[in-house]
Asks: 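Starting off with a structure, shown below.
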Amino acid sequence: MIDLESIESYLQQNLISFDSNVLKDIVDAKKIYIKNEDETNANYFWYLEKVYIIKELYVHAYHELVEAKYESAWNHLDQTDILIGDVCENFDLYVSDLFGLLKIRNQIHDLQKLFPYVFFLSRESVIIKERCSICGKENGLRNHCNHIPGKLYMGKMCAMIVEKMDLKAFALVRDPFDKYTMLKPEDKEYNYFMLEHLLINWKDPYDFFNVATHKEKKTEFHSIGRNELCPCGSDKKYKKCCLGTNNELYDHHEIIFSHPIKPIKKITGNTWK
Amino acid sequence: MFNDDLIIEYDTSVSFENVKTANYFSSECDINNTDVLLLPYERFREGYEILFSEQAKEILRFLENSNQIKVDVPCSDEDFKEIELHDAVFDLGIFLLTSAVLPVFLNLISSYLYDKIKKRGKDAKAVETKIEINVEKDKNKTIKFKYKGSAKGFVDSLKEIEKITKDD
């Protein structure tokens, strides 16, 4: 029988390299619990399996950042964030976060602020027919099963499988649900200068830092008189245009480590190279 | 303090009686034994007379499972369709309810919202939400509260919604 204690202590470490035999042991144990209809343990081993995958994906994304594979790192960080969300649906990490997943999630959310992506595509679709992944029953308004999407049932997470949908439109949004949909114009190249500067000091994925965001005035608005033309190019007076609005401000991100680092001068950059 | 993201309309025509006359109304809805109705967006997208927000079924089941209020939808099963907009705004939907259940409803819907935000690890000040609550006080006397803004701002305005309903 599997040694739960040794698996838990393995997963509690700040893992950098991963032993796939541990994952195999977890998955095999989960199958046995499912076969024995032991739902509590089947669900707990689903959790352990996800902890392994989350840490592996997170470390993988870190290495991609180091190798300047930013887009792929972004997608893997997003997947990691979604998986932690799945765990949170079923286990209250705010009560007990045995494997440090909330720290990883906070780090992902801070890392996402340092990417240059601004606009994303968001799918608009009408769901015509969907079915429960656990029991296969069609999910109608009044006629439906009792399985709740996102919740665990005997080591499996319930999802609604959309069988028929009507795609209506794509919208441009700033804060999408699907973060992998960032725009990639053919003639433009993203400028990852914030990540490049972070990586000068970030040598360990578990060396967690914070990103504090302040609003600061854009350089072109610094010495403009109220009655001068607005730097935004509107042909209006500054006082009747951007003065006192968010248009003259930008987000300044300050990266704060818990230990001394090599000093970096304040830098500014654009979304595009 | 008045919340700028909250728009209030007095004496609107939205009512349980008027919903019964809507084109989409179906006898599948047990409207006479319902405290809260989830109303559709009308003509929101071409090809659909009515549509519901993408979390509609989830919210309905959450409210039903509380066993504190009776919830229904005024259309047939067949006409009920959700539109996924896939942006990060929490669209809680359009509700019509009696003033008697307003405190319970506000308590439940804010718990639902905060639980979602917590599980996604987001900051309630940074998460945008929208909701429309139509509170029927007497026949043909309904107050509409439309909110679009931060989730925290919505929760902060709950007392204001209750007070305005009580005072009107």
Side-chain angles (χ1 to χ4, degrees), chain A residues 81-82 84-94 97 101-110 113 120-130 138-151 160 162 164-179 181 213, chain B residues 24 26-30 34 37-38 40-41 44-62 64-65 71-91 112 114-123 125-129 150:
Chain A
D81 186 28
I82 290 167
I84 297 173
D86 292 344
V87 170
C88 285
E89 272 295 330
N90 295 283
F91 297 89
D92 193 343
L93 300 185
Y94 292 92
D97 186 15
L101 298 189
L102 292 182
K103 278 185 184 170
I104 292 177
R105 179 160 76 178
N106 289 340
Q107 193 64 111
I108 290 170
H109 290 173
D110 272 345
K113 294 175 192 167
F120 302 82
L121 281 180
S122 170
R123 187 186 75 223
E124 289 188 15
S125 48
V126 176
I127 305 302
I128 311 285
K129 192 175 171 186
E130 60 183 12
E138 198 174 318
N139 187 31
L141 169 61
R142 295 181 179 88
N143 187 16
H144 56 81
C145 62
N146 289 323
H147 298 120
I148 301 167
K151 295 291 178 195
M160 287 301 151
V162 175
K164 196 175 173 193
M165 63 188 256
D166 181 7
L167 188 62
K168 299 305 288 179
F170 283 100
L172 270 183
V173 296
R174 280 181 181 272
D175 191 7
F177 190 78
D178 300 317
K179 288 194 162 41
T181 59
T213 303
Chain B
Y24 56 76
S26 160
S27 56
E28 288 175 41
C29 171
D30 188 10
T34 297
L37 280 178
L38 176 63
Y41 291 111
F44 185 73
R45 284 290 178 273
E46 198 184 336
Y48 297 90
E49 188 69 19
I50 56 169
L51 285 169
F52 293 83
S53 62
E54 65 184 297
Q55 300 172 83
K57 269 190 275 204
E58 189 182 325
I59 293 172
L60 277 171
R61 283 169 203 170
F62 174 83
E64 277 167 7
N65 291 340
V71 196
D72 210 337
V73 177
C75 69
S76 66
D77 269 40
E78 198 187 337
D79 288 344
F80 181 90
K81 304 271 186 306
E82 289 174 328
I83 180 151
E84 291 186 324
L85 296 177
H86 264 243
D87 62 6
V89 178
F90 272 93
D91 184 357
Y112 171 84
Y114 258 61
D115 188 52
K116 281 274 155 201
I117 292 168
K118 187 179 159 191
K119 283 173 177 168
R120 289 191 192 173
K122 303 283 185 185
D123 177 0
K125 285 181 199 158
V127 171
E128 197 179 357
T129 189
S150 77

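Labels below follow one simple rule: chain letters A, B, ... track the order of the sequence lines, proteins then strands, and each chain is numbered from 1. Values reported hereafter were calculated over all heavy atoms of this structure, with side chains retained and with hydrogens, waters and symmetry mates removed.
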Asks: I want to check something: taking the side chain as every heavy atom from C-beta on, are B:Arg61 and A:Ile148 in contact at a cut-off of under 4.5 Å?
Replies: no
Asks: State whether the number of non-hydrogen atoms from other residues, nucleotides or ligands found under 6.0 Å of B:Tyr41 atom OH is greater than 12.
Replies: yes
Asks: Are B:Lys118 and A:Asp92 side-chain neighbours, meaning at least one heavy-atom pair lies under 4.5 Å?
Replies: yes
Asks: Between B:His86 and A:Glu124, does a side-chain contact (heavy atoms from CB on, under 4.5 Å) hold up when you go through it step by step?
Replies: CA-CA 7 Å; B:His86 264 243; A:Glu124 289 188 15; over 6 Å; no
Asks: Check each of A:Asp166, A:Ile128, A:Leu141 against B:Lys81 using the side chain to side chain contact (heavy atoms under 4.5 Å, CB included) test, and report the only one that passes.
Replies: A:Ile128
Asks: Report which part of A:Asn106 has an atom under 4.5 Å of a heavy atom belonging to chain B: side chain, backbone, both, or neither.
Replies: neither
Asks: Of A:Val126, A:Ile127, A:Leu167, which meets side chain to side chain contact (heavy atoms under 4.5 Å, CB included) against B:Glu84?
Replies: A:Ile127
Asks: Examine distances only and state if a side-chain atom of B:Lys119 and a backbone atom of A:Asp86 form a donor-acceptor pair shorter than 3.5 Å.
Replies: no
Asks: Counting heavy-atom pairs closer than 4.5 Å to chain A, which one of B:Glu128, B:Glu54, B:Lys57 comes out on top?
Replies: B:Lys57
Asks: For chain B, find which of A:Val87, A:Leu93, A:Asn139, A:Asp81 contributes the most heavy-atom pairs closer than 4.5 angstrom.
Replies: A:Asn139
Asks: Search all heavy atoms of A:Arg105 against all heavy atoms of B:Arg120 and return the closest pair with its distance.
Replies: NH1-C, 3.3 Å
Asks: Where on B:Leu85 is there a heavy atom nearer than 4.5 Å to chain A: the side chain, the backbone, both, or neither?
Replies: both
Asks: So, taking the atom named CE in A:Met160 and the one named CD in B:Glu82, what distance separates them when rounded to the nearest 0.5 Å?
Replies: 10.0 Å
Asks: So how far is it from A:Glu89 CD to B:Asp115 CG, rounded to the nearest 0.5 Å?
Replies: 7.0 Å
Asks: Side chain, backbone, both or neither: which part of B:Phe52 has an atom under 4.5 Å from a heavy atom of chain A?
Replies: neither
Asks: Between A:Gly85, A:Cys88, A:Gly150, A:Ser125, which residue shows the highest count of heavy-atom pairs closer than 4.5 Å to chain B?
Replies: A:Ser125
Asks: Could you tell me whether B:Glu64 and A:Arg142 have a side-chain N and a carboxylate O separated by less than 4.0 Å?
Replies: no
Asks: For atom NZ of A:Lys113, is the number of surrounding heavy atoms from other residues, nucleotides or ligands below 6.0 Å larger than 12?
Replies: yes
Asks: For A:Phe120, which atoms come within 4.5 Å of any heavy atom of chain B: side chain, backbone, both, or neither?
Replies: neither
